[in-house]
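Keep in mind the model is a prediction, meaning the values are calculated, not measured.
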Amino acid sequence: MNDGASRNANYYDLDDILIEEELVPVVFHKSANGVKVDPSAEKDCVEEGAKVELPFWLAQELYLRQAVSINVPACFNQKTRREIQADAANVDLRSRCQFFYEFGCKIAPLVGDRTIGKMLLSTFQMRYKDVLTKAHTVAYAVASKFLSVLTKEETNLYEAAQNSMAAFKKWRIGGPRFQRASVLGRKRKAIE
């Protein structure tokens, strides 16, 4: 699949649209006239070396045209990494980036930081068990507080675990049981 087709694969996906709106810090390599990045600016231009925050979709396009370099967003900075290493389960990832994992996968190749992928994997592994455990055991009042710190991906995992448990309980209480196959009730004809 070519690069353009892969970028358009999730064109109508609302979550993907929201991910593309995440702000990323960029540094302009070239000056650009007719561009007003800051509404309070007097001129409609961006100087070479200017540091601004742009939506990911725009930063990515400018990066592909070699007009900007993209810096690591704050949600993946060293402070966040230290907090995750200390106690991943209690870090409020949602306030940093609602789509923490998906955005991390999109930004990692553009910023040239190979450690982002490892950090995403270890963070997910550390939080995965906690999310599933709480999905099966936590009362509703406590769950709302817990859900407020989860990313969109973790919230989907939490809800899937709850739905799975509810379906299992429904089946166990009185859902469809195993049925005897119709072929087992027939007698074989005697061979003469």
Side-chain angles (χ1 to χ4, degrees), residues 1 3 5-27 51-64 68-168:
M1 186 179 286
D3 190 40
S6 65
R7 281 187 278 155
N8 293 331
N10 296 326
Y11 185 78
Y12 295 108
D13 182 15
L14 186 58
D15 289 342
D16 199 53
I17 292 168
L18 293 173
I19 293 167
E20 298 274 326
E21 288 296 321
E22 286 289 331
L23 294 177
V24 296
V26 300
V27 178
K51 296 177 182 180
V52 296
E53 286 193 334
L54 299 174
F56 176 75
W57 64 269
L58 179 57
Q60 182 180 27
E61 287 300 319
L62 292 172
Y63 174 81
L64 293 173
V68 299
S69 59
I70 300 176
N71 295 328
V72 177
C75 57
F76 303 113
N77 65 15
Q78 291 303 319
K79 180 184 176 207
T80 301
R81 292 178 193 212
R82 283 192 299 273
E83 289 177 13
I84 289 170
Q85 287 173 346
D87 188 10
N90 291 314
V91 176
D92 183 359
L93 291 180
R94 176 173 284 203
S95 68
R96 288 173 171 84
C97 179
Q98 186 176 0
F99 298 92
F100 184 77
Y101 300 104
E102 288 185 54
F103 182 55
C105 290
K106 286 181 177 241
I107 199 77
L110 302 179
V111 296
D113 186 348
R114 294 177 186 236
T115 61
I116 290 178
K118 292 176 187 175
M119 188 253 317
L120 292 172
L121 178 62
S122 65
T123 304
F124 185 75
Q125 288 172 335
M126 289 186 269
R127 292 169 65 102
Y128 177 80
K129 182 179 177 185
D130 196 40
V131 169
L132 292 184
T133 301
K134 288 186 177 168
H136 296 301
T137 59
V138 173
Y140 180 76
V142 178
S144 62
K145 182 180 183 240
F146 175 68
L147 286 172
S148 70
V149 301
L150 298 181
T151 66
K152 180 70 171 174
E153 301 95 345
E154 292 167 339
T155 303
N156 291 343
L157 178 65
Y158 179 90
E159 291 170 354
Q162 280 198 319
N163 292 339
S164 175
M165 183 55 82
F168 173 74

Check against side chain to side chain contact (heavy atoms under 4.5 Å, CB included), L157 and L132: CA-CA 8 Å; L157 178 65; L132 292 184; 4.0 Å; yes
Non-neighbouring partners of F76 that pass ring-ring contact (aromatic ring centres under 6.0 Å, His included), sequence neighbours left out: F100, F103
Check whether any side-chain heavy atom of [X] lies under 4.5 Å from a side-chain heavy atom of [Y], and answer yes or no.
X   : Y    : result
V26 : L58  : no
I19 : K152 : no
Q60 : Y63  : no
E22 : P73  : no
W57 : I17  : no
V91 : T123 : no

Say you draw a straight line from [atom1] of [X] to [atom2] of [Y]; how long is it, rounded to the nearest 0.5 Å?
X    : Y    : atom1 : atom2 : result
F99  : L18  : CZ    : CG    : 5.0 Å
N90  : F146 : CG    : CZ    : 9.0 Å
E21  : D16  : CD    : CG    : 11.0 Å
K79  : E83  : NZ    : CD    : 5.0 Å
E153 : L120 : CD    : CG    : 9.5 Å

message: Can you give me the closest heavy-atom contact between M126 and A88, atom names plus distance?
response: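 Taking M126 first and A88 second, the nearest heavy atoms are CB-CB, 3.7 Å.
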task: Quick one: closest heavy-atom pair of A59 and V24, and the distance?
output: CB-CG2, 3.3 Å
field: Test side chain to side chain contact (heavy atoms under 4.5 Å, CB included) applied to R94 and T155, step by step
entry: CA-CA 10 Å; R94 176 173 284 203; T155 303; 3.0 Å; yes
message: Pair E102, K106 - check side chain to side chain contact (heavy atoms under 4.5 Å, CB included), show working.
response: CA-CA 6 Å; E102 288 185 54; K106 286 181 177 241; 5.6 Å; no
message: According to salt bridge (Lys or Arg N to Asp or Glu O under 4.0 Å), does anything in residues 116-130 pair up with another residue at least two apart or in another chain? List the pairs.
response: R127-E154, D130-K134
- request: Start with the C-alpha gap between V27 and K51, add the side-chain angles, then the distance that decides, and say whether side chain to side chain contact (heavy atoms under 4.5 Å, CB included) holds.
  value: CA-CA 5 Å; V27 178; K51 296 177 182 180; 3.8 Å; yes
